[in-house]
Undergrad: 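Please see the structure below; I have some questions.
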Amino acid sequence: MSDQIKQATLEYTTRLGDDSVVLGHRISEWVSYGPFLEEDIAYGNVSLDYIGRARMFYTYAAELADDGRDEDDFAYMRNDREYRNLLLMELPKGDFAYSQVRQLFADVYYTLMLPELLQSKDETLSAIAAKAIKETKYHLRRSRDWVLRLGDGTEESHQRAQKAVDQLWGYTHEMFDMDETEQLLADAGIGVDVAGLRDRWLQMVTDILMQATLEVPEESWAVRGGRTGYHTENLGHMLTEMQIVHRSHPGCKW
Amino acid sequence: MTTPQEQNFMRKISAEEKIEPKDWMPDAYRKNLIRQISQHAHSEVIGMQPEGNWLTRAPSLRRKAILLSKIQDEAGHGLYLYSACETLGISRSEMIEQLQSGAAKYSSIFNYPTLTWADVGAIGWLVDGAAIVNQVSLQRTSYGPYSRGMIRICKEESFHQRQGYEAMLALAKGSEGQKAMAQDALDRFYWPALMMFGPHDSESAHSQKSMEWKIKRETNDDLRQKFVDQTVQQIEVLGLEHPDKNIKWNEERGHYDSSDLNWDEFWSVINGNGHCNRQRVEHHIAAHDEGEWVRDAITAYNEKKRAKKAQHAA
């Protein structure tokens, strides 16, 4: 592996780890706050899948970095400006409709992205994708069912679901942005060309939203910046909470 | 005068045969079981809160994953137990109403606050540890669905206790700060954990009848003694100070002697003066109320689907 490719793979793997840990953390905030007990279990389950992915990505990142850091150094010892997750993942949990619509957007994205990552020439990334694909299949079934029920449920649930779609829409565009790092890796057959997933994502999401009697927003607003560390105000608060114990006891084992 | 039904019931109890949902049972047996099983279910559910308090601050990804998995198990235990209790003719929504109104209780241990990360370890080790001592004994309880639920739950609880103890071990063998955190958590949770076994047998309102019907298989004091005995060596391995200065091996009894517990505090916390009594119930009510529109949406959606299907068929 050339140095340039290795550096790019490290950056890419860290991004994917950041997406997973941030979304996993947000989902975990639902535990004991769900609308009924079965949902507390489901949220715990999905969160656990994402934390598991974060650990695999960070462990690989640590191996590539080869500078003595471990998975926890990646998660706990970087600041919000160093995090490279998509903005969609860091938005606060909101109400149940907001979290489920966000989940749908993410799940459709992973449904398309992971099979491509499975084809990666990088064996570790491919192996992580293989495990994650199975989880995402279940995640999508759940978020899709929920969006259908909320969209086509009561007047209130419909309004809440529509509001969530409208509020989250502007954060979906950057999921399909490619920068030099990602282009380099896509050309090398290691990373996924996410720009190429956009049309299929839009088609799948549109189908589900229409079936849920929800409207696909037409506005073209788009917020970007996660991949360059230009975050919303929410991430700093989230990381403050997540990192407090770890950082209060420097160098300790847990 | 006992009826033939009563005689048959007592015969099964004596012969260690399980009582099943469709079998005849005395009303008081049914009531006693509903009280105990629903209280147990509520404890699992309310117990998600003090541990959930540390989910977003777990100090490593591995610990975060373990804690998530554990809390998920507790919620699952709540589900089995609600189902077991429903076989006695009460619905889950009735049980939840009783929890929220205060008519049903949950384990008072969860009225204590979790103040540091070490409390998560202490809960796994001591609280789940005490629960297991009780639950192992309940695997032989006379009501079939409860007994089978306990067998399944015990398998998962022993994993919980191990992870809690292992988390404490990491702290106790760690930095000075970590060790102090572990000692503090042990000091705060040791006594309430002993109180989880309930009052002395002589003071326990439900014990006698429960023993006779083999709902309970061992007395509060016997179970507590087992826990006291098994904990001494665990504390030694951690290298922490035992919170009970009077703990002493009694050769003649073959058990450790220990200080009497502060029962005034026990009753005070049960009666509402714990740090978290109101908070735990309010949290449950708030989440339940906030979820109402979601539950309504499912009902409305399912009705629409049914109506469409019926129209299609016609």
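The chains referred to below are lettered A, B, ... by the order of the sequence lines, with proteins before strands, and numbering in each begins at 1.
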Undergrad: If I take atom CZ from residue B:R57 and atom NE2 from residue A:H25, how far apart are they, to the nearest 0.5 angstrom?
TA: 10.0 Å
Undergrad: Should the heavy atoms of other residues, nucleotides or ligands under 6.0 Å from NZ of A:K163 be counted, would the total exceed 12?
TA: no
Undergrad: Any chance you could measure B:L68, atom CG, to A:S28, atom OG, to the nearest 0.5 Å?
TA: 5.5 Å
Undergrad: Residues of residues 54-70 of chain A under 4.5 Å from chain B (heavy atom pairs)?
TA: A:R55, A:Y58
Undergrad: Which answer fits B:L171, side chain, backbone, both or neither, if we ask what part of it has an atom under 4.5 Å from a heavy atom of chain A?
TA: side chain
Undergrad: Can you tell which of B:P59, B:A170, B:G76 has the highest number of heavy-atom pairs within less than 4.5 Å of chain A?
TA: B:P59
Undergrad: Donor-acceptor check, side chain of A:K253 to backbone of B:G174, threshold 3.5 angstrom: yes or no?
TA: no
Undergrad: Answer with side chain, backbone, both or neither: which region of A:I51 has an atom nearer than 4.5 Å to a non-hydrogen atom of chain B?
TA: side chain
Undergrad: Report which part of A:Y76 has an atom under 4.5 Å of a heavy atom belonging to chain B: side chain, backbone, both, or neither.
TA: side chain
Undergrad: Which pair of heavy atoms, one from B:Q72 and one from A:L48, lies closest together, and at what distance?
TA: OE1-CD2, 3.7 Å
Undergrad: If you count heavy-atom pairs within less than 4.5 Å of chain A, which of B:L55, B:L169, B:L79 leads?
TA: B:L79
Undergrad: What distance separates B:E74 CD from A:S32 OG, expressed to the nearest 0.5 Å?
TA: 12.5 Å
Undergrad: Take the angle between the ring planes of A:Y33 and B:H283 and call it parallel below 30°, perpendicular above 60°, tilted in between.
TA: tilted
Undergrad: What parts of residues 234-251 of chain A touch chain B if we use heavy atoms and a cut-off under 4.5 Å?
TA: A:E241, A:M242, A:I244, A:V245, A:H246, A:H249
Undergrad: Under the side chain to side chain contact (heavy atoms under 4.5 Å, CB included) rule, what do B:V294 and A:E39 come out as? Steps first, then yes or no, please.
TA: CA-CA 11 Å; B:V294 179; A:E39 279 305 303; over 6 Å; no
Undergrad: Considering only heavy atoms and a distance below 4.5 Å, find which of A:D40, A:L150, A:V31, A:N45 pairs most often with chain B.
TA: A:N45
Undergrad: For the residue pair A:P35 and B:G291, what are the closest heavy atoms and their distance?
TA: CB-CA, 3.6 Å
Undergrad: Top residue by heavy-atom pair count (under 4.5 Å) with chain A, among B:A65, B:A287, B:A297?
TA: B:A297
Undergrad: Looking at B:S60 and A:D72, what are the two nearest heavy atoms and their distance?
TA: CB-OD2, 3.1 Å
Undergrad: Evaluate the side-chain proximity of B:Y301 to A:D145: yes if any heavy-atom separation is below 4.5 Å, no if none is.
TA: no
Undergrad: Quick check on B:R62 against chain A: is it the side chain, the backbone, both or neither that has a heavy atom closer than 4.5 Å?
TA: both
Undergrad: Answer yes or no: is there a side-chain heavy-atom contact under 4.5 Å between A:D152 and B:K304?
TA: yes
Undergrad: Which atoms form the tightest heavy-atom contact between A:I41 and B:A75, and what is the distance?
TA: CG1-CB, 3.4 Å
Undergrad: In Å and rounded to the nearest 0.5 Å, what is the CH2 to CD distance from A:W254 to B:Q178?
TA: 4.5 Å
Undergrad: For A:A97, is it the side chain, the backbone, both or neither that has a heavy atom under 4.5 Å from a heavy atom of chain B?
TA: both
Undergrad: A quick test of your reading: do over 12 heavy atoms of other residues, nucleotides or ligands sit less than 6.0 Å from NZ of A:K134?
TA: no
Undergrad: Please find the pair of heavy atoms, one from B:A300 and one from A:T154, that lie closest to each other, and give the distance.
TA: CB-CG2, 3.7 Å
Undergrad: Work out which heavy atom in A:V21 is nearest to a heavy atom in B:L61; give both atom names and the distance.
TA: CG2-CD2, 3.7 Å
Undergrad: More than 12 heavy atoms of other residues, nucleotides or ligands under 6.0 Å from CD of B:Q279: is that the case?
TA: yes
